[in-house]
Trainee: 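I have a structure here, written as structure tokens, and I will follow up with some questions on it.
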Amino acid sequence: MSVREGLLALLGDEPVHGYVLKTGFEAATGGVWPLNVGQVYKTLERLERDGLVHARERQGQRQYRITDDGLAALGAWWDAVPDDEPPPRDELMLKVLMAVGQGRDHALDVITKQRSAVMAQLQLRRRGPSTARRRGRDPMVAAMVDDALVVRAEADLRWLDLCEERLTHPDPSEETGRRPVTRPRRGTRGARS
Amino acid sequence: MTTPILELRDVVKSYGAGPTEVRAVTGVSLAVAPGEFVAVRGPSGCGKSTLLHMAGGLEDPTAGHVLFDGRALYEMSAAERAGLRRGGVGYVFQRLNLVPSLTAMENVMLPLELDGVGSREAKERAAEALDAVGLDRHLERYPDDFSGGQQQRIAIARAIVGTRRLLLADEPTGSLDTPTGDAVVELIASLPARLGTAVVLVTHEPRYAAWADRVVSMRDGCVVDTTVAPPVRKSARRTVGARR
């Protein structure tokens, strides 16, 4: 999602100011995406240029509402499904893949450290309300943000477990074609306890 | 330093001998403080359940020692170990082992009655235990009348009904859906603060392990890492309690 789609989703027939859209956007996204007002007005200008919103001047302030073309663009966005090919560039995934290229022991060390860090995050989430809840966001939206963070951390932990399993009990068919192991140039190879 | 309620010192568990020997647990040491909640996680076959069985005296280690409250289990007589299983350590398994012909109350009273506690006292203590797991209003119903999550709560009540200082739970959420499993683990996580019971939870699910103060990860019979829960800011702390 871009700011563009987020603003279209918040616009209706009733004209609204840019500042209302800014606060509405932040509330609707559970406080995970703060916007500055300049970003909002710049995006609204582009939407107006593309004919997706209509602007009018009232009492010295610009107000915006969605057009029919805007509704069509919004509908297309609701229906679009995110593609996973090529896979998204996930920081954790890329780090582990790079580590595998530097040798099994190094990869296992990286997996252990990352797993411990992700588990600590998950433990913290179990013990206290999230930032969204602490900041008094809509309770249901805040709970959904918490759910997403917990489920993603679980998925990361499961994936790290699977990587560890592949490294410690390799399938012979997956061993062929691997490039030769090189020594890590940076960082340390910590001993596994 | 407080004596750990449970201590495993370099325990090894092997099955078979010679070329067919399989080492399920290879030199694991672990100390659990009174009132501490420790989770042991890892893939199937990593040795976590075997570790729990040795911790509870259900299996003897091939080498190493298991100590309960500073006393080695191997030094205890058979009667003392049986007494420990009845009165000091509670067990919760994936399979509930509830007696279908007994009510919730009677199931929870059972270990007390086997221990010679009088019927009146057993009833009072069973009611307290069922209250602690949020089932105080359904004492006379039979296990089949309850949902899977509620049946697991009865099993937990039965496990904590004596003066239990240690609860050993082996995949207690295995047969439950996620929200029910969450509620059961939240209940288990509340026991250290509410009753002072130390808990060792074996699970392959990271979401449940994360409730623990300390998470021990095992692979191929060894501990590969231990994660201690980071401190929570006072303003962000949440009270863990039994959900009804």
Side-chain angles (χ1 to χ4, degrees), chain A residues 31 92 104-137 139 142-170 190-193, chain B residues 26-30 37-46 48 173 178-179 181-183 185-190 192-193 201 203-241:
Chain A
L92 178 67
R104 176 186 174 276
D105 288 351
H106 180 63
L108 286 172
D109 190 38
V110 167
I111 287 169
T112 300
K113 284 179 180 153
Q114 295 298 321
R115 183 168 54 200
S116 191
V118 177
M119 180 53 82
Q121 286 171 358
L122 199 52
Q123 285 176 301
L124 210 50
R125 295 201 190 290
R126 286 298 195 206
R127 282 166 170 68
S130 63
T131 310
R133 285 193 198 208
R134 284 202 302 278
R135 289 184 183 161
R137 300 282 176 196
M144 286 178 174
V145 172
D146 286 354
D147 289 344
L149 294 172
V150 166
V151 170
R152 278 179 200 172
E154 283 174 49
D156 284 343
L157 288 166
R158 281 180 208 283
W159 181 71
L160 289 167
D161 287 347
L162 288 171
C163 292
E164 186 182 63
E165 181 67 19
R166 285 192 193 280
L167 285 164
T168 52
H169 301 103
R192 283 167 71 76
S193 53
Chain B
T26 311
V28 170
S29 294
L30 175 71
F37 180 10
V38 176
V40 181
R41 70 174 294 263
S44 297
C46 72
K48 55 190 190 299
T173 56
T178 303
D182 277 351
V185 176
E186 194 172 347
L187 167 67
I188 288 173
S190 74
L201 168 72
T203 179
H204 68 279
E205 290 282 354
R207 71 180 291 117
Y208 301 135
W211 282 101
D213 303 318
R214 198 150 44 108
V215 180
V216 175
S217 294
M218 287 186 71
R219 178 170 55 76
D220 293 339
C222 301
V223 171
V224 288
D225 64 270
T226 300
T227 311
V228 177
V232 181
R233 286 187 304 167
K234 266 187 182 172
S235 60
R237 230 168 255 166
R238 96 164 143 209
T239 312
V240 175

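All heavy atoms count here, side chains included; hydrogens, waters and symmetry mates do not. Every chain is numbered from 1, with letters handed out A, B, ... down the list of sequences.
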Trainee: Pair B/Leu30, B/Val223 - check side chain to side chain contact (heavy atoms under 4.5 Å, CB included), show working.
Mentor: CA-CA 9 Å; B/Leu30 175 71; B/Val223 171; over 6 Å; no
Trainee: With a strict 4.5 Å heavy-atom criterion, list every residue of residues 152-161 of chain A that contacts chain B, or say none.
Mentor: A/Glu154, A/Leu157, A/Arg158, A/Asp161
Trainee: Using a strict cut-off of less than 4.0 Å between a Lys/Arg side-chain nitrogen and an Asp/Glu carboxylate oxygen, indicate whether A/Arg127 and B/Asp213 qualify as a salt bridge.
Mentor: yes
Trainee: Considering only heavy atoms and a distance below 4.5 Å, find which of A/Gln121, A/Met119, A/Gln123 pairs most often with chain B.
Mentor: A/Gln123
Trainee: Donor-acceptor check, side chain of A/Thr112 to backbone of A/Leu108, threshold 3.5 angstrom: yes or no?
Mentor: yes
Trainee: side-chain hydrogen bond (donor to acceptor under 3.5 Å, both in side chains) with B/Thr26: which residues, sequence neighbours excluded?
Mentor: none
Trainee: Would you sort out whether B/Arg219 and B/Asp225 count as a salt bridge (Lys or Arg N to Asp or Glu O under 4.0 Å), showing the intermediate values?
Mentor: CA-CA 9 Å; B/Arg219 178 170 55 76; B/Asp225 64 270; over 6 Å; no
Trainee: Give, as side chain, backbone, both or neither, the part of B/Asp220 having an atom under 4.5 angstrom from any heavy atom of chain A.
Mentor: side chain
Trainee: Backbone N or O of B/Arg207 within a donor-acceptor pair of the A/Arg126 side chain at under 3.5 Å?
Mentor: yes
Trainee: Give the member of B/Pro43, B/Ala212, B/Cys222 that has the highest number of heavy-atom pairs under 4.5 Å with chain A.
Mentor: B/Ala212
Trainee: What pair of heavy atoms forms the shortest contact from B/Arg41 to B/Lys48, and how long is it?
Mentor: C-CD, 4.0 Å
